[in-house]
Amino acid sequence: MVEKEAASIIWPGKPLSRAFYNRAATTLAPRLLNKVLAAADGRAGRIVEVEAYVGAIDPAAHTYRGKTPRNAVMFGPPGHMYVYFTYGMHWCCNCVSGPQGDGCGVLIRALEPLHGIAQMRAARPRTAHDRDLCRGPARLTQAMGISGAQNGIDLVGAHDRFAIVDDGMAPPGDLVGSTRIGISRGKDSPWRWSVPGNRHVSGTASQRG
DNA sequence: TAGTTGATTGACT
DNA sequence: GTCAATCAACTAA
């Protein structure tokens with residue numbers, strides 16, 4: 001019950017403005033660290049790892065070659081959720097960042113579970129340790145109940161199912177971008193950020209920094 | 001139309 | 001460390 005009360009504080013929480021998202025992904029991405037991804041059913045986790053994908057200048061971005069049915073949401077208004085299906089089985093979740101039409105977004109790679117942890121465990125019954133519930137982009141979508149049905153929903157305005165909110169914790173200081181994980185092109189761009197020392201960050205020990 | 005890849009994970013050696 | 005799962009999107013022809 002304590003958990004449920006805490007979740008009610010997070011949800012709907014203090015919403016982030018559309019202007020917050022309406023900036024280059026590389027500027028927005030580290031500012032998303034320590035914000036909270038919250039679901040209407042009470043599940044919530046602190047964002048501890050992100051990667052920026054920067055539209056037409058980024059060969060690793062889905063939007064690099066222009067607009068397609070799959071990536072159309074990325075070209076839409078900032079603050080919306082772009083959810084895509086990959087490796088035949090996994091969903092990954094991005095927050096669109098502006099300016100509108102540029103195809104920029106931020107991949108949310110890891111959360112530190114805060115609330116609704118029992119529901120996260122139920123969604124990932126084979127996960128032995130809570131540390132791993134949201135450690136990785138496809139794990140967190142499964143734990144939070146995010147799938148293609150949520151592609152395109154508004155994280156700023158309607159707040160009907162999911163939202164990214166500010167609960168007062170500032171992003172970490174001394175942020176340094178590192179290279180992104182799991183891509184074959186655009187490897188050298190330092191567009192990945194994480195909360196230093198946080199155990200819920202994905203990747204190997206050397207990648208976690 | 002056929003072949004390859006992928007913003008990953010989990011199981012296994 | 002290696003590798004299979006599994007399919008939508010993309011690329012080449």
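Residue numbers start from 1 in every chain, and the chains themselves are labelled A, B, ... in the order their sequence lines are given, proteins ahead of strands.
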In whole Å, what is the span from the [atom1] atom of [X] to the [atom2] atom of [N]?
{"X": "I146(A)", "N": "dA7(B)", "atom1": "CD1", "atom2": "P", "result": "18 Å"}
{"X": "Y87(A)", "N": "dT5(B)", "atom1": "OH", "atom2": "C1'", "result": "8 Å"}
{"X": "W91(A)", "N": "dT9(B)", "atom1": "CH2", "atom2": "P", "result": "15 Å"}
{"X": "K187(A)", "N": "dG6(B)", "atom1": "NZ", "atom2": "P", "result": "10 Å"}
{"X": "L140(A)", "N": "dT9(B)", "atom1": "CG", "atom2": "C1'", "result": "13 Å"}
{"X": "R109(A)", "N": "dA7(B)", "atom1": "CZ", "atom2": "C1'", "result": "7 Å"}
{"X": "L133(A)", "N": "dG10(B)", "atom1": "CG", "atom2": "P", "result": "10 Å"}
{"X": "Y53(A)", "N": "dG6(B)", "atom1": "OH", "atom2": "P", "result": "12 Å"}

Just call it for [X]: base, sugar-phosphate, or nothing, with non-hydrogen atoms closer than 4.0 Å on any strand.
{"X": "A138(A)", "value": "sugar-phosphate"}
{"X": "R180(A)", "value": "nothing"}
{"X": "R124(A)", "value": "sugar-phosphate"}
{"X": "I183(A)", "value": "sugar-phosphate"}

Among [options], which is the nearest nucleotide to the side chain of [X]?
{"X": "S184(A)", "options": "dT9(B), dG6(B), dT6(C)", "answer": "dG6(B)"}
{"X": "M74(A)", "options": "dA7(B), dT9(B), dA5(C)", "answer": "dA7(B)"}
{"X": "R139(A)", "options": "dC10(C), dA7(B), dT9(B)", "answer": "dT9(B)"}

Is it the case that the base of dA9(C) and the side chain of H62(A) share a donor-acceptor contact (distance under 3.5 Å, atom types as modelled)? no
Can you tell me whether the side chain of Y84(A) and the base of dA7(B) have a donor-acceptor pair closer than 3.5 Å?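 Per atom types, the contact qualifies.
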Less than 4.0 angstrom between a side-chain N/O of R126(A) and OP1 or OP2 of dA11(B), yes or no? yes
Think T68(A) has a side-chain N or O under 4.0 angstrom from the OP1 or OP2 of dC10(C)? yes
S202(A) and R135(A): CA distance, side-chain angles, deciding distance, side chain to side chain donor-acceptor pair (under 3.5 Å) verdict: CA-CA 5 Å; S202(A) 74; R135(A) 190 165 71 89; over 6 Å; no
Between Y84(A) and H62(A), does the ring centroid distance fall short of 6.0 Å?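 Ring centroids of Y84(A) and H62(A) are less than 6.0 Å from each other.
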Which of these passes side chain to side chain contact (heavy atoms under 4.5 Å, CB included) with E49(A): N198(A), V195(A), I181(A)?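 That would be I181(A).
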Could you say whether the aromatic ring of F85(A) and the base of dA8(C) stack, counting only centre distances under 5.5 Å and plane angles under 30°?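 The ring of F85(A) is not stacked on dA8(C).
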Say we look at dT5(B) and dC3(C): how far apart would their P atoms be, to the nearest angstrom? 16 Å
